[in-house]
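Working notes, beginning with the structure itself.
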Amino acid sequence: MKRFNTNTCYCFFCGKPADKDRRMIASPTGAFICDRCVSACQDKLDMDAEDIKPIELADVPTPKEFKEYLDQYVIGQDEAKKVLSVAVYNHYKRMSLPNFGQFDEDSVKIEKSNVLLIGPTGSGKTLLAKTLAQKLKVPFAIADATTLTEAGYVGEDVENVLLKLINAADGNIEAAQRGIIFIDEIDKISRKSENTSITRDVSGEGVQQALLKIIEGTNASVPPQGGRKHPNQEMLQIDTTNILFILGGAFVGLDKIIEQRVAAHSMGFGSSVGQMTEEERMNLLNQTTPDDLVKFGLIPELIGRMPITVALKELTRDDLVCVLTEPKNAITKQFQTSFEIDDTKLVFDKEAIEEIANEAIRQKTGARGLRTIVEKMLNDIMFVIPDIKGKKQLTITKDMVLQKKHDDVRNLIIKLPDSEPLELKA
């Protein structure tokens, strides 16, 4: 472009004028771009091309390798880990086929297998999906089904779920098209009742209908800034055919529906759901059929697009103790690392860890509530610790967990010699 009625050309991108070291390329519309900006654009295109190279089967971990990786971060849920590992391996295996994506009427087309996770809050549904994406190094997005409404109503459009994946891929559509989307609380968009109503179910069955196409595979139009679609708005186009969808929900009451179908005494006092152990309840949920999900409130078309269903059990006290201490990013290890920065060795008594697990069970929050409990317990301590100079040690006891507040934090701290290592051995 030219400025101030001069004949000097300026680059439309960097705004710098043409000179002997900067050559300009003109467009038919009269805009200019300099050779340096062209080179920068080419470098960016080359980098993107490397990022979206075709998936090769050798690059995809085997189901056993997937599960071993999940074991490092997720406690228990062995059956769910196996099912997810096989499903994800098969999904990316089909994408590694030499002629994948090319239409050939003589060849067999392998459909993708989306997954439905059924389990109580805090059982690890989100963590399983997130850890799989971390292992694969593919874009990953989490969406909450409760915020979605049918197009044209107050709330988020279903396409905004895809925008989260595009943002996770830093705007790279090609990379987003082979990512993973986890939609939580899918049970909250069940039909409110089986009876027809004069009011429109815009956050229940309407959302399920809207989800059908993007889960199965379609070219979707996504508003680049989120929000509502407008006629004159330029849309992002994304093909959802190769996006793996993992849907999760607690499905409270589904076990009773299944029990009525499979139990010998399906009516009245013969029902035994209330007396089941957690293992028996999980085995019952693993017998879920499409008819059970229809009775719960999901539409048959959506159920048909989620061929793999797996149940997660509620975590026991022993499981929660392991969650606190064993994974690579265990909560206690995170706080110990944080305290090391303030020259403090943080030690948790065995009884203290067990009491934290007991508190999570009392609150019925599962693993999700563990961090909240530890944060509240250590809040007064973390307020004081940075002002106490020198190396020191603090031991968390069962009494401290029960008290939650500590007025005499300084009396709990033991001074250590400067030569004492702060890092705890694994």
Which atom pair, heavy atoms only, marks the closest approach of [X] to [Y]?
X: Ile180; Y: Leu165; answer: O-CD1, 3.6 Å
X: Ile75; Y: Leu315; answer: O-CD2, 4.2 Å
X: Ile388; Y: Ile413; answer: CD1-CD1, 3.2 Å
X: Val321; Y: Ala357; answer: CG2-CB, 3.9 Å
X: Ala175; Y: Ala169; answer: CB-CB, 4.2 Å
X: Ala80; Y: Ala311; answer: CB-O, 4.5 Å

Contacts of Glu314 meeting salt bridge (Lys or Arg N to Asp or Glu O under 4.0 Å) (sequence neighbours excluded), chain-then-number -> none
Check the pair Ile186, Leu117 against side-chain contact (heavy atoms from CB on, under 4.5 Å), reporting the backbone distance first and the verdict last.
CA-CA 10 Å; Ile186 199 69; Leu117 300 178; over 6 Å; no
Taking atom NZ of Lys415 as the centre, does the number of heavy atoms from other residues, nucleotides or ligands within less than 6.0 Å exceed 12?
yes
Neighbour count above 12 (heavy atom, 6.0 Å) for Glu351 CD:
no
To the nearest 0.5 Å, what is the distance between [atom1] on [X] and [atom2] on [Y]?
X: Ile33; Y: Phe12; atom1: CD1; atom2: CZ; value: 10.0 Å
X: Ser190; Y: Leu302; atom1: OG; atom2: CG; value: 11.0 Å
X: Lys295; Y: Thr289; atom1: NZ; atom2: OG1; value: 8.0 Å
X: Asp239; Y: Asn219; atom1: CG; atom2: CG; value: 4.5 Å
X: Thr62; Y: Glu65; atom1: OG1; atom2: CD; value: 3.5 Å
X: Ile215; Y: Arg305; atom1: CD1; atom2: CZ; value: 8.0 Å

I'd like to know if [X] and [Y] make a salt bridge, using a cut-off of under 4.0 Å between side-chain N and carboxylate O.
X: Asp184; Y: Lys125; result: no
X: Glu259; Y: Lys256; result: no
X: Asp255; Y: Arg281; result: yes
X: Glu355; Y: Arg362; result: yes

Run the side-chain contact (heavy atoms from CB on, under 4.5 Å) check on Lys164 and Ile142 step by step: do they pass?
CA-CA 8 Å; Lys164 291 182 180 180; Ile142 301 175; over 6 Å; no
Could you walk me through whether Leu128 and Leu312 pass the side-chain contact (heavy atoms from CB on, under 4.5 Å) test, one step at a time?
CA-CA 11 Å; Leu128 280 168; Leu312 284 75; 3.7 Å; yes
Is there a side-chain contact between [X] and [Y] in this structure, where contact means two heavy atoms from C-beta onward sitting under 4.5 Å apart?
X: Cys14; Y: Arg22; result: yes
X: Glu359; Y: Val401; result: no
X: Ile396; Y: Ile381; result: yes
X: Ile299; Y: Leu212; result: yes
X: Asn114; Y: Ile246; result: no
X: Lys345; Y: Leu394; result: no
X: Ile118; Y: Val310; result: no
X: Phe182; Y: Phe140; result: yes

Exam field: side chain [X] to backbone [Y], donor-acceptor pair closer than 3.5 Å:
X: Thr365; Y: Gln363; result: no
X: Gln208; Y: Ile189; result: yes
X: His91; Y: Asn242; result: yes
X: Asp170; Y: Asn172; result: no
X: Gln77; Y: Ser123; result: yes
X: Thr131; Y: Leu127; result: yes
X: Lys135; Y: Phe66; result: no
X: Glu234; Y: Pro224; result: no

Between Lys398 and Asp349, is the salt bridge (Lys or Arg N to Asp or Glu O under 4.0 Å) condition met? List the steps.
CA-CA 7 Å; Lys398 179 179 178 180; Asp349 273 356; over 6 Å; no
Derivation of the side-chain contact (heavy atoms from CB on, under 4.5 Å) call for Ile373 and Met377:
CA-CA 6 Å; Ile373 295 167; Met377 178 190 68; 5.6 Å; no
State, without any angle test, whether [X] and [Y] hold a side-chain donor-acceptor pair at a distance under 3.5 Å.
X: Thr316; Y: Asp319; result: yes
X: Gln72; Y: Glu68; result: no
X: Gln237; Y: Ser221; result: yes

List in chain and number order the residues that pass side chain to side chain donor-acceptor pair (under 3.5 Å) with Gln334, two or more places apart in sequence or in another chain; answer none if no residue qualifies.
Arg371
Those residues that, when tested against Glu326, pass side chain to side chain donor-acceptor pair (under 3.5 Å) (two or more places apart):
none
Counterpart residues, ring pair (Phe, Tyr, Trp, His ring centres under 6.0 Å), relative to Tyr69 (two or more places apart):
Tyr73
Residue list, ring pair (Phe, Tyr, Trp, His ring centres under 6.0 Å) with Phe251, at least two apart or on another chain
Phe296
Would Thr146 and Asp144 satisfy side chain to side chain donor-acceptor pair (under 3.5 Å), going step by step from the backbone distance to the final call?
CA-CA 5 Å; Thr146 57; Asp144 190 337; 2.7 Å; yes
May I have all residue pairs that pass salt bridge (charged side-chain N to carboxylate O under 4.0 Å, His left out) and include part of residues 70-83, sequence neighbours excluded?
Lys67-Asp71, Lys67-Asp78, Asp71-Lys81
